[in-house]
Amino acid sequence: MYNFKEIEKKWQQYWNDHQTFAAKNNSEKEKYYLLVEFPYPSGSGLHVGHARSYTALDTVARQKRMEGYNVLFPMGWDAFGAPAEQYAIKNHIHPKDAVRENIKTFKQQIEELGISFDWNREFSTTDPEYYKWTQWQFLKFYEHGMAYKAKKNINWCPKCKTGLSNEDSAGGVCERCGTKVVQKEKEQWMLRMSDYAEDLLQGLNNTNFSKRVKLGQINWIGKSEGAEIDFEIENTDKKLKVYTTRPDTIFGATFMVIAPEHPILETLKDKITNLDEIKKYQEYAKTKTEFERTELAKDKTGVKVEGFNAINPFTGKSIQVWISDYVMMTYGTGAIMAVPAHDDRDYEFAQKFNIPIIPVIEGDSLPYIKEGKYINSEFLNGITNKEEAIQKMLEEITKRKIGNKKTNYRLQDWIFSRQRFWGEPIPLIYCEKCGWVPVPEKDLPVLLPDVANYEPTEDGESPLAGIEDWVNTTCPHCGGKAKRETDTMPNWAGSSWYFLRYMDPHNDQDFVSKEALDYWGKVDWYDGGMEHTARHLLYARFWNQFLYNIGLVPNKEPIDIRTSHGMILGPDGEKMSKSKGNVINPNDVVEEYGADALRLYEMFIGDYEKDAAWSINSLKGCKRFLDRVWNAGKKLNDRQGYSNEPLVHKTIKKVTNDIKSMKFNTAISALMILINDYDDKESITKDDLRVLIHLLNPFAPHITEEINEKYNLGNPLCESMWPTYDDTKTIDNTYELVFQVNGKVRGKETVNTNISKEEMESLAQQNVNVQKFIEGKTIIKVITIPGKLVNIVVK
RNA sequence: GCACAUGUGGCGAAAUUGGUAGACGCGGCAGACUCAAAAUCUGCAGAAGAGUGAUCUUCGUAUGGGUUCAAGUCCCUUCAUGUGCACCA
């Protein structure tokens, strides 16, 4: 019937020869920038999930081009990071070579799908020409005081032997290998992301991210408004600063809790009489990871600090101070005032250790703080409104100069060091005399050395630290002996700005030219996995906002629309994995059914944002549809125009709009309805066939071009304008008018579209079945909706 | 625990945004073609009931209630599933 393999090869060759998808940087046309997340070129190859995302935006890209836009739709490789390194260690090759091999495979797999990427702009984050500019931008962070080195208790993966960001170790396990993360103190490079918390929050208003994506960002930033209040330590001049969102409950604060590592314990250690016990607890808390601390949430532990008490500044009473790991040093001030009557955790703790509980809000019972009348609270007594009480308390605190209003964010600074070989070297040099000195721009990039041994060391230093030739260098400042920084960047680094580089990927003078930035502006539509909507997106926005603030990019927000696709699950409804043996290889599908069938199926599979199980039968159905489109060419007549004008115009309208709103499944079903209509006819016109394949082209680009050529229907579709519709022509001459009695359907009749209201009503009353239901009853009113129904209300 | 999302045939899903629930596809059943099978084509199909029949009736969008001439759609209740955050003070 037709050889899809030949057809697909032929048209892929054609697009390549004609540079059909090359985006132009100096174009008169309006731009449209579409972006899909670039993949890790892992050894296991392309996944059907990749194909879903790529096909979706490819469909949009192809439509946009036919609508006259200058479309930028690029692709590249995010090839730094642990997976590539581990693969290389395992297979005893240099990561560079492993990456080159994997990219080759990946690229070939993607090309087989017929995705309209502009391959002229391809790059990998591991290309020295690219990471030169990643390093250059890091130095910008450094120059502006946004990068600093600090001793940090970091999340440490004992298996990968590297530090991890909080984000990388969510849930207390290493994101890469699943090993339990432990705490380890280390000097790390940090980026001051927390300075941008408010801007990152506010910036969301200038994006068109979906509500779900915005919410994910908001949660990560974790803004909370409250107050910092000083509690004096009895018989000393020392104070304990707490953070609270409920200063209004301070009269109920009957004890304090501080984090086990709180510095006041060191300051006042001479006063503490149970130092041994405290040290023991500190050790105990240290061995527990953050995850374990939360795991054991129900079971409160702690030790009372013997030797000093604090004073509740409002009741004037002496209150106990405890250490417990339910208070985190990393959030707020590392100390809280505990109000056991109105806080779950404080209540539990007080119960366990027999600490007094004083309610300050009448009628409130745990676990929720309800609104109620304030009691036992002096000047707050009688107030019933929480906001009012908080406001009044804040004023009082300020007046007494014991505290202030304070906003806190959960977002912390970004730990930017990794003790790995396969990452961008941090371009700094340490000189005994001059301290940290940036590598001069002319010496960038700082290249990774070509060495045989790049396995992580036991002591947690980067593998680079063992390569003396590389480490030892001269100070760019004083010319004396100096050493290079041996930590590398996290692999989030390269992906935090790659969308900018695509605008001008071969520029060796600048990270992107100003002209390219001005023309392409921002990414109009960015699609990727659900798992990246929180962190990667936040890092990319942070990076871009920084570049904006120092005047390097024109937009504060780099992305307009962000969508996230659901996963494609195995035929068994489970996540695809080698161990379950339910992995579908997209290129096997291409081999057997063709790229067009695969693409069409992945777009037809269901709601784009939802997960969907693989179904081979459903795929076959899509192939069957393509066969029918192919066969439609065999019954062309000599007439012109559309045989069924309203249906064609309706279909154009539906497909045009559905692609834009990602409702690919209904766009395809509209095309199926159209072919069903053609199949019922003896013959169809060339215009009929041309419009069908044109609308189908973004989904199934190869076979539609072939049909177009075979029957001489016109210029190649990819070089033609998208079909247009006329709203007035979408209306049928007749429709089925529905008759209802009391809202229930009692009859139908086919009527002329321009029938009057009066005629509609009289037809309804004449209907035999309707008469059965209104007989002997009083008609209260008649509701007539032109084009739809007549509803007779009777009693 | 908190926040958000979702709940429609045997399955994937549609539903002009308050107006004929189940489009389209898969699977199924029956028939045609065939020695036969596959492929293809034609027809049927939410559930229950009445009628020889065209048809008609009742029920039906997780649950219970409400608003409305009219509810899958709006409001409240409960339940289930999914995702995110989580001892964040």
Side-chain angles (χ1 to χ4, degrees), chain A residues 1 170-171 210-220 222-224 226-227 242-246 249 257 290-291 293-300 324-328 330-339 343-346 348-349 367-368 408-410 530-531 533-534 564 566 601 604-607 609-622 624-625 627-628 631 650 653-654 663 665-676 679 730 735-748 769 772 780-785 787-794:
Chain A
M1 160 163 169
S210 69
K211 195 178 162 189
R212 182 163 57 153
V213 174
K214 280 189 184 177
L215 220 70
Q217 300 273 295
I218 291 167
N219 281 340
W220 271 108
K223 181 175 182 172
S224 96
V242 303
Y243 175 71
T244 178
T245 54
R246 295 298 304 270
T249 63
V257 186
E290 294 248 343
F291 183 61
R293 283 166 78 154
T294 59
E295 268 275 270
L296 304 166
K298 290 276 169 279
D299 198 16
K300 293 276 181 296
S324 174
D325 59 6
Y326 84 90
V327 173
M328 312 288 155
T330 48
Y331 186 78
T333 60
I336 62 161
M337 61 177 214
V339 185
D343 181 281
D344 252 354
R345 298 148 302 181
D346 298 346
E348 243 177 81
F349 196 84
Y368 304 108
N408 259 324
Y409 300 91
R410 196 168 312 180
M530 211 72 79
E531 67 277 17
T533 51
S564 302
Y601 167 61
F604 188 62
I605 198 166
D607 190 333
E609 299 219 318
K610 277 197 204 148
D611 291 353
W614 186 264
S615 158
I616 189 70
N617 281 325
S618 200
L619 170 74
K620 283 180 188 166
C622 291
R624 196 147 36 207
F625 165 70
D627 294 347
R628 288 168 67 202
N631 288 332
K650 268 191 271 191
K653 183 178 182 177
K654 180 138 188 74
K663 289 157 85 179
N665 51 344
T666 48
I668 293 166
S669 80
L671 293 170
M672 288 171 169
I673 291 169
L674 191 61
I675 191 83
N676 286 348
D679 275 357
T730 60
Y735 70 94
E736 202 170 47
L737 178 64
V738 170
F739 306 131
Q740 294 182 337
V741 178
N742 286 347
K744 293 203 172 186
V745 180
R746 297 302 178 191
K748 297 169 192 181
N769 202 42
K772 266 190 356 208
I780 296 168
K781 60 174 161 178
V782 180
I783 289 141
T784 310
I785 313 288
K788 295 208 191 304
L789 54 82
V790 178
N791 186 14
I792 302 173
V793 186
V794 296

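To find a chain, count down the sequence lines: A is the first, B the second, and so on, and within it residues start at 1.
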Heavy atoms from C-beta onward define the side chain here; which of A23(B), U20(B), C69(B) lies closest to that of V793(A)? C69(B)

Counting just side-chain N and O atoms, does N676(A) come under 4.0 Å of either OP1 or OP2 of G25(B)? yes

Between K772(A) and L215(A), which is nearer to the 5' end of RNA chain B once each is assigned its nearest nucleotide? L215(A)

Side-chain (Q217(A)) to main-chain (T533(A)) donor-acceptor, under 3.5 angstrom: yes

Is T666(A) reaching over with its side chain to a backbone N or O of K663(A), donor-acceptor style, under 3.5 angstrom? yes

Does R624(A) place a side-chain N or O at less than 4.0 Å from the phosphate oxygens OP1/OP2 of C26(B)? yes

Partner set under side-chain hydrogen bond (donor to acceptor under 3.5 Å, both in side chains) for K223(A), not counting sequence neighbours: E198(A)

One should read off an interatomic distance between I792(A) CD1 and R746(A) CZ, to the nearest 0.5 angstrom, of 11.5 Å

If I pick the P atom on U52(B) and the same atom on A47(B), what distance separates them, to the nearest angstrom? 22 Å

How about N676(A) and R628(A): does a side-chain donor come under 3.5 Å of a side-chain acceptor? yes

What is the distance from CG of N631(A) to C1' of A39(B), rounded to the nearest Å? 12 Å

Under the rule for salt bridge (Lys or Arg N to Asp or Glu O under 4.0 Å), what residues qualify as partners of K653(A), not counting sequence neighbours? D727(A)

How close or far is atom C1' of C87(B) from atom CG of N408(A), stated in whole angstroms? 16 Å

Could you work out the separation of A13(B) and G7(B) based on their P atoms and round it to a whole Å? 10 Å

Choosing from C87(B), A89(B), C69(B), which nucleotide comes nearest the side chain of N791(A)? C69(B)

Between S564(A) and M530(A), what is the shortest heavy-atom contact and its length? CB-SD, 3.5 Å

Could you tell me whether G621(A) contacts a base, only the sugar-phosphate backbone, or nothing, with contacts defined as non-hydrogen atoms closer than 4.0 Å? sugar-phosphate

If the C1' atom of C35(B) is compared with that of U42(B), how far apart are they to the nearest Å? 23 Å

Syn or anti for G9(B), given that syn means the glycosidic angle lies within 90° of 0? syn

Taking atom C1' in both A15(B) and A3(B), compute the distance separating them and give it to the nearest angstrom. 30 Å

Measure from the side chain of V327(A), starting at C-beta and using heavy atoms only, and say which of A89(B), G19(B), G25(B) lies closest. A89(B)

Does a nitrogen or oxygen in the side chain of R246(A) sit under 4.0 Å from OP1 or OP2 of A89(B)? no

Mind checking whether Y243(A) and Y331(A) have parallel, tilted or perpendicular rings, split at 30° and 60°? perpendicular

Kindly give the atom pairs (protein nitrogen or oxygen, nucleotide nitrogen or oxygen) under 3.5 Å for nucleotides 48-53 of chain B.
none

Can you tell me if N408(A) uses its side chain to pair, donor with acceptor, with the backbone of S224(A) under 3.5 Å? no

According to the Watson-Crick and G-U wobble definition with distances under 3.5 Å, which dot-bracket string, read 5' to 3', encodes RNA chain B, using [ ] for crossing pairs and | for pairs with another strand? (((((((..(((......[....))).(((((.......))))).(((((....)))))..(.(((..]....))).))))))))....

Considering only heavy side-chain atoms of S224(A), the closest of U16(B), A89(B), U57(B) is A89(B)

Could you give the distance from NZ (K300(A)) to CG (D325(A)), rounded to the nearest 0.5 Å? 9.0 Å

Check salt bridge (Lys or Arg N to Asp or Glu O under 4.0 Å) between E531(A) and all other residues, then give those that pass, not counting sequence neighbours. none

Pick the P atom in U20(B) and in C11(B), then give their distance to the nearest Å. 24 Å

Determine the minimum heavy-atom distance between S324(A) and V257(A), stating which atoms define it. CB-CG1, 3.6 Å

Between Y601(A) and C622(A) (side chain of the first, backbone of the second, donor and acceptor by atom type, cut-off under 3.5 Å), is there such a pair? no

Calculate the interatomic distance between I785(A) atom CD1 and A70(B) atom C1'; express it in whole Å. 9 Å

Could you measure between the two P atoms, the one in G60(B) and the one in A48(B), and give it in whole Å? 15 Å

In whole Å, I'd like the distance from the CD1 atom of I780(A) to the P atom of U68(B). 14 Å

Give a yes or no answer on whether the side chain of D343(A) reaches the backbone of A338(A) with a donor-acceptor pair at less than 3.5 Å. no

By the rule that syn is within 90° of 0, classify the base conformation of U63(B) as syn or anti. anti

Quick check on RNA chain B: between D627(A) and N617(A), whose nearest nucleotide comes earlier from the 5' end? N617(A)

Among U20(B), A89(B), G25(B), find the nucleotide with the atom closest to the side chain of Q740(A). U20(B)

Nucleotide A70(B), atom P - distance to CZ of R746(A) in whole Å: 14 Å

From CG of D344(A) over to C1' of G1(B), roughly how many Å is that when rounded to an integer? 8 Å

For atom CD1 of I783(A) and atom P of A70(B), their distance in whole Å: 8 Å

So which nucleotide from C85(B), A89(B), C24(B) ends up closest to the side chain of I673(A)? C24(B)

For nucleotides 7-14 of chain B, just jot down a letter per nucleotide in 5' to 3' order: B, S or -, based on protein non-hydrogen atoms under 4.0 Å. -----BSS

Closest contact, heavy atoms only, V790(A) versus T784(A): CG2-CG2, 4.1 Å

For atom C1', what is the distance between G84(B) and C69(B), given to the nearest Å? 43 Å

Base, sugar-phosphate, or nothing: which does R410(A) touch, judged by heavy atoms less than 4.0 Å apart? base

Is Y331(A) near enough to A89(B) that one of its side-chain N or O atoms lies under 4.0 angstrom from OP1 or OP2? yes

Any K781(A) side-chain nitrogen or oxygen under 4.0 Å from OP1 or OP2 of C69(B): yes

Considering only atom C1', compute the distance from C29(B) to A14(B) and round it to an integer number of Å. 24 Å

U58(B) P sits how many Å from K744(A) NZ, rounded? 5 Å

Have a look at K620(A) and say if it touches a base, only the backbone sugar-phosphate, or nothing, with a 4.0 Å heavy-atom cut-off. nothing

